[in-house]
Structures are given as structure tokens and as C-alpha cells.
Amino acid sequence: MLLAQAVPVLALRVQGHARDAFTRLPMHGVVVVLEGDGVRTEQRTTRIDGFFRFDVPVGRRYLIRFEKVGLVPRHVVFDTRAV
């Protein structure tokens, strides 16, 4: 017998690759900052292939900022309140 039960989602994995906007090549050494509801919660530095990853609790609005000296910072906003 197989029983299934609905389990609430507690966290989401957010991952990606930082790439140059013009060449689309991966960028290493980019500081990726995660902010939840305006509070800085975590920070990562991209690997040689530009990869970064965060596990974020659901139920909040997040901003991910990409920063590297000499370059214009970028950001992405996403909302997990409806998850």
C-alpha cells in the first residue's frame, strides 16, 4: 500500500549563472547578495563558471543583487509569498 500526504514547501532552491550582458560569457568573482524583505540575509561569490546557489525560505519577497568592482550592479526581484 502506498500512502501520499501533502507536504508544505518550506524552502526553494534559487540558482543560476552570472553572465556578461554583452558576451554572455560566465563571470567568476561576482558577489551575489540575497536580501529578504530589505534585510541582507546571505552572500555568495560566483565560481569560475559563474554559478551561484541559495536555499531560501518561502513566504517572503527577495532581491538578488549582482556586484563586481568596475561593473554596473544588476538585481532580480522575486516573490515566494504565494508558494
Side-chain angles (χ1 to χ4, degrees):
M1 177 173 25
L2 177 66
L3 297 174
Q5 180 180 9
V7 177
V9 176
L10 302 176
L12 295 174
R13 176 158 289 165
V14 178
Q15 62 187 30
H17 292 85
R19 297 185 181 277
D20 183 278
F22 297 105
T23 66
R24 304 300 300 153
L25 293 173
M27 295 178 62
H28 72 282
V30 175
V31 176
V32 185
V33 178
L34 176 70
E35 293 180 5
D37 296 326
V39 177
R40 184 183 190 125
T41 57
E42 292 186 57
Q43 176 178 312
R44 305 276 189 273
T45 302
T46 58
R47 301 183 319 200
I48 190 107
D49 61 356
F51 182 79
F52 67 92
R53 179 175 73 201
F54 295 102
D55 292 323
V56 299
V58 297
R60 298 172 74 180
R61 182 177 175 269
Y62 292 95
L63 180 134
I64 296 180
R65 262 195 342 259
F66 301 88
E67 304 170 343
K68 188 163 182 171
V69 174
L71 298 176
V72 175
R74 301 278 182 143
H75 71 272
V76 175
V77 177
F78 64 101
D79 194 336
T80 65
R81 292 178 289 192
V83 174

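One-based numbering along the sequence shown. Every heavy atom of this structure was used, including side-chain atoms; hydrogens, water molecules and symmetry mates were not.
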Is there a donor-acceptor pair under 3.5 Å between the side chain of T45 and the backbone N or O of V30?
no

Side-chain heavy atoms nearer than 4.5 Å, only ILVMFWY residues, links allowed to pass through others: does that put F51 and V76 together?
no

Rounding to 0.5 Å, atoms CZ (R47) and CZ (R53) come to a distance of 8.5 Å

Counterpart residues, ring pair (Phe, Tyr, Trp, His ring centres under 6.0 Å), relative to F52 (two or more places apart):
F66

Would you please name every residue forming a salt bridge (Lys or Arg N to Asp or Glu O under 4.0 Å) with R65, sequence neighbours left out?
E35, E67

State the CG-NE2 distance between L63 and H75, to the nearest 0.5 angstrom.
5.5 Å

Just how far is it from atom CZ of R19 to atom CG of D49, taken to the nearest 0.5 Å?
8.5 Å

So how far is it from Q43 CD to L34 CG, rounded to the nearest 0.5 Å?
10.5 Å

Does NE2 belonging to H17 count more than 12 external heavy atoms closer than 6.0 Å?
yes

Please name all residues satisfying salt bridge (Lys or Arg N to Asp or Glu O under 4.0 Å) with R61, sequence neighbours left out, ordered by chain then number.
none

For residues F78 and V14, report the shortest heavy-atom separation together with the two atoms involved.
CZ-CG2, 3.7 Å

From E42 CD over to D55 CG, what is the distance, rounded to the nearest 0.5 angstrom?
8.0 Å

Indicate the atoms forming the closest heavy-atom contact of P26 with I48, along with that distance.
CB-O, 4.3 Å

In this structure, CG of L12 is separated from OH of Y62 (nearest 0.5 Å) by 8.0 Å

Heavy-atom pair with the smallest gap, counting every atom of R74 and A21
NH2-CB, 4.1 Å

Nearest heavy-atom approach of K68 to M27 is CD-CE, 4.1 Å

